[in-house]
Participant: 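Here it is, the structure in full.
Proteins get letters first, then strands, A, B, ... in listed order; numbering begins at 1 in each. On a predicted model such as this, the values are computed, not experimentally measured, just so you know.
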Amino acid sequence: MKLHEYQSKRVFAQYGVPIPNGEVATTPSQARAIADRIGKPVVIKSQVLVGGRGKAGGIKLARTPDEAEEVAGHILGMDIKGLTVKQVLVDEAADIRSEIYLGAVLDRSARKVAIMASSEGGVEIEEVAAQTPEKIVTVHAHPLLGMQGFQARQLAYGIGLPKEHIAAFTRIALSLYQAFVESDASLAEINPLVINGDNQLQAVDGKILLDDSALPRQEQLAALRDPDEDSPTETEARESGLSYIDLDGEIGCMVNGAGLAMATMDIIKLYGGNPANFLDIGGGAGADKVLAALRIILRDARVKAVLINIFGGITRCDEVANGIVEAINSLSVEVPIVVRMVGVNEDEGRQILAASNLPSANRLSEAVQMAVAAAKGEGA
Amino acid sequence: MSILVDNETRLLVQGITGSQGAFHAQQMIQYGTNVVAGAVPGRGGQWAVGNTPVFDTVHEAVATTDANASIIFVPAAFAVDALLEAADAGVALIVCITENIPALDMARARAFIDSTDSLLIGPNCPGLISPGSAKVGIMAGHIHTPGNVGIVSRSGTLTYEVIYALTERGIGQSTAVGIGGDPIKGLNFLDVLQMFERDAGTEQVVLIGEIGGADEQVAADFIRTEMSKPVTAFIAGQTAPPGKRMGHAGAIISGGEGTAAEKIEALQDVGVDIARHPEEIADLAAKNI
């Protein structure tokens with residue numbers, strides 16, 4: 001799950017990271033009032049969960065409250081990469097002397113949190129990595145000991161920070177790490193961390209990605225979720241415990257297991273079809289999840305055929321079959337459904353399907369070809 | 001011959017009284033796995049499926065039954081506690097089926113486990129099976145057949161797909177290990193490839209990878225320098241949409257974006273045959289016999 005810039009910066013601020021004076025507005029007049037209260041030039045920043053806001057014209061400077069109202073009026077409602085801007089952050093504009101990158105990320109191969117800094121802040125870190133990798137300094141925190149002061153100093157000295165900023169930077173780096181760990185983040189970035197006109201360090205932009213597995217114990221952060229992060233269908237799927245991603249094709253897929261779901265999509269492509277979605281019903285799904293999954297797939301008007309691929313293990317074929325039958329009895333099904341079902345309790349599952357006159361295939365490639373043909377109107 | 005589990009395996013089931021634990025304990029017993037005990041706090045002294053004694057603690061279970069492997073079916077909120085308990089009790093092999101364990105918890109748990117002699121498989125994995133001798137996992141036993149193809153996979157159900165195709169072609173398996181799909185886990189491709197390379201009962205290996213991370217690239221390095229046995233691979237997610245992955249900073253550290261194309265290229269470069277779909281693995285493996 002992603003947090004907005006203003007949410008991320010507020011999390012950082014709770015850990016003592018200095019952030020600009022600012023507030024969120026949802027109307028131009030609110031933006032004006034905030035700018036008036038700040039009493040200095042402000043920057044109006046669209047709050048949408050995509051990168052490249054600046055290039056899209058979603059970040060603009062305003063010198064006066066009048067200008068703030070006008071600029072906010074322009075940015076609010078703007079479309080940035082398919083997302084409508086519903087709120088803007090009105091921040092006191094920083095007089096930027098230099099820009100630093102500071103980020104923490106879960107490094108899966110090291111099995112530790114990596115904390116990275118670079119003197120080349122304000123640009124995408126992957127650009128720095130591609131062009132001047134020597135300008136990125138990385139340390140890894142021990143999982144049981146956490147990030148140590150010397151590691152924060154290694155970053156500070158490593159990026160050639162002027163002497164007067166070492167102590168403040170060290171505190172900020174340790175704070176960022178603390179925020180990362182206590183929020184169960186998978187990524188926490190301050191980019192840029194600036195040295196401003198008052199010669200102080202300040203986090204001008206911030207980004208946090210949260211570990212979805214930890215959301216049940218991060219209730220306050222989980223409540224910050226922007227429903228626009230996912231499509232309404234994706235949100236509905238998540239609430240039903242399904243993992244779903246919208247795609248552009250014509251074959252609706254329901255599969256158990258992410259790897260098999262991806263492989264099923266790959267095979268659909270291989271045989272000339274296009275998947276309409278990625279849908280993993282997860283391990284141990286019961287009839288209710290299967291029903292919810294089919295409801296979501298069948299609502300998509302682009303879907304011309306449905307392919308259900310279940311390899312039973314912790315998921316039992318009979319449970320899935322019951323869900324399919326229930327869906328067919330309660331939903332209006334106007335497209336062909338091809339079921340492929342193997343594994344734990346497969347015989348029971350096939351019997352349930354056969355009793356409802358639903359055909360099932362044994363081999364995956366056979367089932368995929370049937371679904372591709374059915375989607376083209378060539379009969380299932 | 002096989003790796004990690006065989007007829008000598010004495011299995012403890014943590015969470016044996018839960019619905020998944022009970023169901024799969026029963027399935028493992030039916031397959032012929034020697035399930036010696038269950039451990040569930042508060043249920044000590046009871047009997048679970050197949051007349052299996054249940055203990056309150058793993059230490060007690062190990063002391064009484066000499067269990068040398070454990071499989072964990074407890075909910076995510078308690079799973080790390082369960083696997084640390086198993087490691088502390090000296091269980092040699094710990095298999096964690098549970099999914100949705102927070103990554104930072106696993107980072108801490110792994111740091112402790114690395115200080116013990118225990119090996120961890122998972123979490124968020126299907127477990128492992130040495131066909132004909134022991135099943136320590138949730139896979140359907142009947143799709144497997146004994147033989148000498150070793151399998152290592154990040155996926156669960158996709159592995160079953162490949163094994164189903166191998167068995168249909170009459171190609172048996174020595175051991176199939178599902179290492180799990182979580183970012184931080186126990187044994188990785190590299191560890192399992194090393195075991196297969198040493199195992200006299202394994203003549204070739206099938207590797208099943210997917211998008212994200214760089215573990216397949218690490219495996220490719222090992223295959224190039226150390227591996228004498230042929231390896232065939234399938235990488236899932238060639239058509240997966242971009243942008244639904246981990247942020248850019250993670251990609252920098254893993255040395256790439258973690259796409260299927262990168263992984264396929266790395267493996268092809270070291271002479272690994274790549275299947276276009278899971279069933280094709282069987283055709284490619286047949287050529288190595």
Participant: With a 4.5 Å heavy-atom cut-off, do Arg340(A) and Glu161(B) have their side chains touching?
Facilitator: yes
Participant: Quick check on Ala76(B) against chain A: is it the side chain, the backbone, both or neither that has a heavy atom closer than 4.5 Å?
Facilitator: neither
Participant: Taking Ser365(A)'s backbone N and O only, do any of them form a donor-acceptor pair with Glu279(B)'s side chain (distance below 3.5 Å, no angle check)?
Facilitator: yes
Participant: Listed by chain and number, what are the salt bridge (charged side-chain N to carboxylate O under 4.0 Å, His left out) partners of Glu168(B), not counting sequence neighbours?
Facilitator: Arg363(A)
Participant: Chain A heavy atoms under 4.5 Å from Ile235(B): which part of the residue, side chain, backbone, both or neither?
Facilitator: backbone
Participant: How about Leu104(B) and Glu182(A): do any of their side-chain heavy atoms sit closer than 4.5 Å?
Facilitator: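 SC-SC contact between Leu104(B) and Glu182(A) ruled out.
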Participant: For Glu134(A), is the CD atom crowded, meaning more than 12 foreign heavy atoms sit under 6.0 Å from it?
Facilitator: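 Yes, enclosed.
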Participant: For Gln27(B), which atoms come within 4.5 Å of any heavy atom of chain A: side chain, backbone, both, or neither?
Facilitator: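 Contact with chain A involves the side chain of Gln27(B) alone.
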Participant: Which residues in residues 15-26 of chain B have any heavy atom lying under 4.5 Å from a heavy atom of chain A?
Facilitator: Ser19(B), Gln20(B), Phe23(B), His24(B)
Participant: Against chain A, label Gln238(B) side chain, backbone, both or neither, depending on which of its atoms sit under 4.5 Å from a heavy atom there.
Facilitator: both
Participant: What is the distance from atom OG of Ser109(A) to atom CD1 of Ile184(B), rounded to the nearest 0.5 Å?
Facilitator: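 Rounded to the nearest 0.5 Å, the OG-CD1 separation comes out at 9.5 Å.
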Participant: So, using side-chain contact (heavy atoms from CB on, under 4.5 Å) as the criterion, who are the partners of Ala285(A) when residues are at least two apart?
Facilitator: Ile281(A), Lys289(A)
Participant: To the closest 0.5 Å, what do you measure between CG (Leu260(A)) and OG1 (Thr157(B))?
Facilitator: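 Separation between the atoms: 4.0 Å.
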Participant: Counting only non-hydrogen atoms closer than 4.5 Å, does Asn274(A) touch chain B with its backbone (N, CA, C, O), its side chain (CB onward), both, or neither?
Facilitator: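 Asn274(A) has no heavy atom closer than 4.5 Å to chain B.
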Participant: Taking side chain as everything from C-beta outward and backbone as N, CA, C, O, which of these in Ser155(B) sits under 4.5 Å from a heavy atom of chain A? Side chain, backbone, both or neither.
Facilitator: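 Just the side chain, heavy atoms under 4.5 Å.
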Participant: Is there a donor-acceptor pair closer than 3.5 Å between any side-chain N or O of Asp266(A) and the backbone N or O of Gly237(B)?
Facilitator: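 Checking the backbone N and O of Gly237(B) against the side chain of Asp266(A), a donor-acceptor pair under 3.5 Å is found.
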Participant: Once rounded to the nearest 0.5 Å, what's the spacing between atom CD1 of Ile138(B) and atom OG1 of Thr315(A)?
Facilitator: 7.5 Å
Participant: Let me confirm one number: the CE-OG1 distance from Met265(A) to Thr239(B), rounded to the nearest 0.5 Å.
Facilitator: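 With rounding to 0.5 Å, CE (Met265(A)) is 4.0 Å from OG1 (Thr239(B)).
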Participant: Let me know if Leu364(A) has heavy atoms under 4.5 Å from chain B in its side chain, its backbone, both or neither.
Facilitator: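 Both parts, backbone and side chain.
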Participant: Tell me, do Lys269(A) and His277(B) make a side-chain contact under 4.5 Å, heavy atoms counted?
Facilitator: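 Not touching, per the 4.5 Å side-chain cut-off.
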Participant: At a heavy-atom distance under 4.5 Å, which candidate from Arg217(A), Lys112(A), His142(A) has the highest pair count against chain B?
Facilitator: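 That would be Arg217(A).
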Participant: Once the angle between the rings of Tyr164(B) and Phe311(A) is folded into 0 to 90°, is it parallel (under 30°), tilted (30 to 60°) or perpendicular (over 60°)?
Facilitator: perpendicular
Participant: Do you know which of Ile267(A), Asp184(A), Asn256(A), Val113(A) has the most heavy-atom pairs with chain B at a distance under 4.5 angstrom?
Facilitator: Asn256(A)
Participant: Do any N or O atoms from the side chain of Asp211(A) and from the backbone of Pro102(B) form a donor-acceptor pair under 3.5 angstrom?
Facilitator: no
Participant: Of the backbone (N, CA, C, O) and the side chain (C-beta and beyond), which part of Ile143(B) lies under 4.5 Å from a heavy atom of chain A, both, or neither?
Facilitator: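 Contact with chain A is through the side chain of Ile143(B) alone.
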Participant: Closest heavy-atom contact between Ala107(B) and Pro143(A)?
Facilitator: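 Here Ala107(B) and Pro143(A) meet closest at O-CB, 3.6 Å.
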Participant: Less than 4.5 Å to any heavy atom of chain B: does that hold for the side chain of Asn362(A), its backbone, both, or neither?
Facilitator: both
Participant: What option among Leu247(A), Asp212(A), Val342(A) has the most heavy-atom pairs under 4.5 Å with chain B?
Facilitator: Val342(A)
Participant: Donor-acceptor pairs are to be reported for all side-chain atoms of residues 119-128 of chain B against protein atoms at under 3.5 Å, with residues two or more places apart or in another chain.
Facilitator:
{"residue": "Asn124(B)", "atom": "ND2", "partner": "Asp182(B)", "partner atom": "OD1", "Å": "2.8"}

Participant: Is Arg108(B) close to chain A through its backbone or its side chain, or both, or neither, when contacts mean heavy atoms under 4.5 Å?
Facilitator: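 Both parts, backbone and side chain.
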Participant: If you tally heavy-atom pairs under 4.5 Å against chain A, which of Gly156(B), Ala236(B), Ala260(B) wins?
Facilitator: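 Ranked by heavy-atom pairs under 4.5 Å with chain A, first place is Ala236(B).
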Participant: What distance separates Ile211(B) CD1 from Met262(A) CE, expressed to the nearest 0.5 Å?
Facilitator: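 Separation between the atoms: 4.5 Å.
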Participant: Could you look at Val255(A) and say if it's the side chain, the backbone, both or neither that has a heavy atom under 4.5 Å from chain B?
Facilitator: neither
